[in-house]
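Quantities reported herein were computed from a predicted structural model and do not represent experimental measurements.
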Amino acid sequence: MGIKVFNIIITLLTLWIGYLTAKKLGFSPSILAIVMIGFSPIYFIMVFTAMTEILAGFVLLLSVYLFFREKYIGSAVVLSFIYFARAETIIFYPIFLTVYLFKKKYKAIVFLFCGILLFTIIGGFYFKDFLWLIHKFPYPIHSNIYKETGPLLHFFNYRDMIFGLPLEILLVLGIILLFFQLFSKNEMIRKQSFYEFVVVLAPFAGFFAMHSILYWKGLGGSLGYLRVITSVIPLSALLCLKGYCFFDQKLRQFPWMKYMAMTGISIWIISVALRTYEVPVKLSEDEQIIKTAASWFKKSEYVNHPVFYTDMNLPFYLGVNPYDNTKYTLIFHTSSINSVPDSSIFVWDSHFGPNENGIPRDSVLMNKRFKLLKIFEPFKEITTLGGQKYEVLAFLKLPAGQSSDNPEILKSLKEKEDRDYKAVYSNLNDFEKPGPGLNASKLITTLFHSGKQSYRMDESTEFSPGFFIQCKDFMKGTGKLKVRVWVEIFSSSAITTDQPTLVISLEDTKSSYDYNLRSLRLMKLVVNKWNHVEEEVNLLPVHSGSDQLKVYIYNPEKNVFYIDDLKVEVLESANR
């Protein structure tokens, strides 16, 4: 809670500095800077988090403000600490170094690195390594874990989620106006526009472009999170206000229209921010699972046992002091789990555990000194970094001389869960006879798993025969539903692309509202052999009995393979 209060305080300071900067630059009405910063959609939602982008945005804006106040040494000192808010803001150093050189403010250049120098010395003594900033850099260029890639225009494509339409329009207008003023005949306008370009537009555009390239190339641990742009939202808001100045100047002779326009644009910006993200912010699915695990622990017989954990959210949901290492300890590295005291509880999660803390699942699950007590999983499967499904496992550290067979416990827990479900619908297509959606010319008699025929998927077959089931045919009660699908697959060559996929979809008359894909590539099929594939999916609540459950194989890249004995089963839980 303390860091969230800190972020709110920093936000209020940012809004005030934004107003002062706009006033210094002559942007009118300056008060709109508060609205444009505070209600940029991504900035607005980040205010209530404990993330450091808000702090980075404040430091950057304060440095810009001091620059335009001609407090160059102060500007440099403030900016020198920004690296410790967000490491990627190092891109701002050469930009400000260049502008200080241009203005011949050589003393400011010296102070530009004082923050880094100070922490280098402090960290050097603490870590016994004066190159700790390099050796402990948190975002390696090539990460073994964080290597997801996306389109170059990823952040541009999500501009509505970052800026919102009214600010997008004003941002474009502000940038155009700035470029025109760079060639103004008025020397004062031309000079100020140059520094606005270098100190406001260049850091914003450079930062935006840098993150776009990093995500496109899968470098620097970039995962395409929109929140990273929050750091430069105060600068983009100044450019937006510059764009609005164009309209404000046109309305100066009509004061009542001027105030109406200002009120109207404020309402539009605020309403877009409130519609873009849900407020109050709900817990994500993984946060909800950790919270459920915490609730279980507080009610369990182990409530007074020491707790070791991998997800830093756990102590907050337990309502305890995360710095009380006498009872609650965040643990790192596989080697450290052997030092966990007997009778301690270890709460492991599949996101932070293997990715951030260096503790793979099997290093605990297959350790006989740790007894599996409970599994916590989201109802709808979540794939976390590294391709693992998200889950939280609770273990008890056993005394020396005792051991646990966790695979058997895991199997027992799964069987117990399965006993809560019963089949409410079942169907099989063994491709032995023609049927709806089945192209008889694709029935092959020379290769089959059972019976006398299989079905060929090839360059002319985008969709396999499947099942289109009316939901009313399996809605027997109000329990949770899941679907199991079995199919035999034969391929004479390895499938190397993400398509084809097994699709399990709940659809109404307009669209799918629960669309589940399973890539055949990830099933690791053995070539020239029939492979038994079994997939299970938990379904979201069905909207209406008239909706359809569809199960089929989607083959848009026209791979060649054969399928046989496609079976679907719908199961319903006795519990809601």
A.B. asks: Main chain of V59, side chain of S63: is a donor-acceptor contact present, judged purely on distance under 3.5 Å?
C.D. replies: no
A.B. asks: Can you name the closest pair of heavy atoms from L226 and M161 and give their distance?
C.D. replies: CD1-CB, 3.6 Å
A.B. asks: Closest approach of T384 and S350, non-hydrogen atoms and distance?
C.D. replies: CG2-O, 3.4 Å
A.B. asks: Between the main-chain N or O of S519 and the side-chain N or O of D498, is there a donor-acceptor pair closer than 3.5 Å?
C.D. replies: no
A.B. asks: Which heavy-atom pair separates S546 from S544 by the least distance, and what is that distance?
C.D. replies: OG-OG, 2.9 Å
A.B. asks: Heavy-atom count around K71 NZ within 6.0 Å, excluding the residue itself: above 12?
C.D. replies: no
A.B. asks: Does any part of the side chain of V279, heavy atoms only, come nearer than 4.5 Å to the side chain of I45, both counted from C-beta?
C.D. replies: yes
A.B. asks: Between the main-chain N or O of Q249 and the side-chain N or O of R252, is there a donor-acceptor pair closer than 3.5 Å?
C.D. replies: no
A.B. asks: Quick one: does F247's side chain get under 4.5 Å of L170's, heavy atoms only?
C.D. replies: yes
A.B. asks: Hey, is the main chain of R518 close enough, under 3.5 Å, to the side chain of T501 for a donor-acceptor pair?
C.D. replies: no
A.B. asks: Taking atom NZ as the centre, does K374 end up with more than 12 heavy-atom neighbours from other residues, nucleotides or ligands that are less than 6.0 angstrom away?
C.D. replies: no
A.B. asks: To the nearest 0.5 Å, what is the distance between CD1 (I91) and OH (Y83)?
C.D. replies: 14.0 Å
A.B. asks: Would the number of heavy atoms belonging to other residues, nucleotides or ligands and lying under 6.0 Å from OH of Y513 be above 12?
C.D. replies: yes
A.B. asks: Taking T329 for its side chain and I331 for its backbone only, find out whether a donor-acceptor pair lies under 3.5 Å.
C.D. replies: no
A.B. asks: Does atom CH2 of W216 have more than 12 heavy-atom neighbours, drawn from other residues, nucleotides or ligands, at distances under 6.0 Å?
C.D. replies: no
A.B. asks: Are any of the side-chain nitrogens in E507 or K550 under 4.0 Å away from the carboxylate oxygens of its partner?
C.D. replies: yes
A.B. asks: Please work out which of the three classes, parallel, tilted or perpendicular, describes the rings of F204 and F208, given edges at 30° and 60°.
C.D. replies: tilted
A.B. asks: Rounded to the nearest 0.5 Å, how far apart are OG of S193 and CG of L177?
C.D. replies: 7.5 Å
A.B. asks: Once you measure the plane-to-plane angle for F179 and F197, does it fall in the parallel (<30°), tilted (30-60°) or perpendicular (>60°) bin?
C.D. replies: perpendicular
A.B. asks: State, with a plain yes or no, whether a side-chain heavy atom of P166 is found less than 4.5 Å away from one of V272.
C.D. replies: yes
A.B. asks: Donor-acceptor pair, Y317 side chain versus Q288 backbone, under 3.5 Å?
C.D. replies: no
A.B. asks: Any chance you could measure E572, atom CD, to K476, atom NZ, to the nearest 0.5 Å?
C.D. replies: 9.0 Å
A.B. asks: Salt bridge check: are K480 and D420 linked by an N-O gap of less than 4.0 Å?
C.D. replies: no
A.B. asks: Nearest 0.5 angstrom please: S295 OG to L318 CG, how far?
C.D. replies: 8.5 Å
A.B. asks: Taking the basic N atoms (NZ, or NE/NH1/NH2) and the acidic carboxylate oxygens, is any pair closer than 4.0 Å for E536 and K389?
C.D. replies: no
A.B. asks: Under 4.5 Å between any side-chain heavy atoms of Y390 and E285, yes or no?
C.D. replies: no
A.B. asks: Do other residues, nucleotides or ligands put more than 12 heavy atoms under 6.0 Å from F137 CZ?
C.D. replies: yes
A.B. asks: Over 60° means perpendicular and under 30° means parallel, so tell me whether F81 and F84 are parallel, tilted or perpendicular.
C.D. replies: tilted
A.B. asks: If I compare all heavy atoms of L66 with all of V78, which pair ends up nearest, and what's the gap?
C.D. replies: CD1-CG2, 3.8 Å
A.B. asks: When rounded to the nearest 0.5 angstrom, what is the spacing between CG in L235 and SG in C240?
C.D. replies: 11.0 Å
A.B. asks: May I ask you to test the T21-L238 pair for a side-chain heavy-atom distance under 4.5 Å?
C.D. replies: yes
A.B. asks: Which atoms form the tightest heavy-atom contact between A394 and F376, and what is the distance?
C.D. replies: CB-CE1, 4.3 Å
A.B. asks: Could you tell me if the side chain of E196 sits less than 4.5 Å from the side chain of F27, heavy atoms only?
C.D. replies: yes
A.B. asks: Does atom CZ of F180 have more than 12 heavy-atom neighbours from other groups under 6.0 Å away?
C.D. replies: no
A.B. asks: Is any side-chain heavy atom of V483 closer than 4.5 Å to a side-chain heavy atom of F474?
C.D. replies: no
A.B. asks: Could you measure the distance from the CD1 atom of I233 to the CD1 atom of I54? Nearest 0.5 Å is fine.
C.D. replies: 9.5 Å
A.B. asks: Would you say D514's side chain and L540's backbone share a donor-acceptor pair under 3.5 angstrom?
C.D. replies: yes
A.B. asks: Measure the shortest side-chain to side-chain distance between I37 and Y19 over non-hydrogen atoms and say whether it is less than 4.5 angstrom.
C.D. replies: no
A.B. asks: NZ of K298: more than 12 outside heavy atoms within 6.0 angstrom?
C.D. replies: yes
A.B. asks: Counting only N and O atoms by type, is there a donor-acceptor contact under 3.5 Å from the side chain of E381 to the main-chain atoms of N538?
C.D. replies: no
A.B. asks: Start with the C-alpha gap between E391 and W348, add the side-chain angles, then the distance that decides, and say whether side-chain contact (heavy atoms from CB on, under 4.5 Å) holds.
C.D. replies: CA-CA 8 Å; E391 60 184 348; W348 177 92; 4.2 Å; yes
A.B. asks: Given side-chain contact (heavy atoms from CB on, under 4.5 Å), test V228 with Y215 step by step and report yes or no.
C.D. replies: CA-CA 11 Å; V228 297; Y215 183 54; over 6 Å; no
A.B. asks: Can you classify the ring geometry of F44 versus F39 as parallel (below 30°), tilted (30 to 60°) or perpendicular (above 60°)?
C.D. replies: parallel
A.B. asks: Short question: side chain of T52, backbone of A85 - any donor-acceptor pair under 3.5 Å?
C.D. replies: yes
A.B. asks: Counting only heavy atoms from other residues, nucleotides and ligands, does the tally under 6.0 Å from NZ of K291 exceed 12?
C.D. replies: no
A.B. asks: Any side-chain to backbone donor/acceptor pair from N157 onto L153? Under 3.5 Å, distance only.
C.D. replies: yes
A.B. asks: Check the pair Y43, V47 against side-chain contact (heavy atoms from CB on, under 4.5 Å), reporting the backbone distance first and the verdict last.
C.D. replies: CA-CA 6 Å; Y43 192 95; V47 169; 3.9 Å; yes
A.B. asks: Determine the minimum heavy-atom distance between A22 and L241, stating which atoms define it.
C.D. replies: CB-CD2, 3.5 Å
A.B. asks: Y309 and F352: side-chain contact (heavy atoms from CB on, under 4.5 Å), yes or no, with the steps?
C.D. replies: CA-CA 10 Å; Y309 58 92; F352 292 102; over 6 Å; no
A.B. asks: Taking the six-membered ring for Trp and the full ring for Phe, Tyr or His, determine whether the centres of Y158 and H154 are under 6.0 Å apart.
C.D. replies: yes
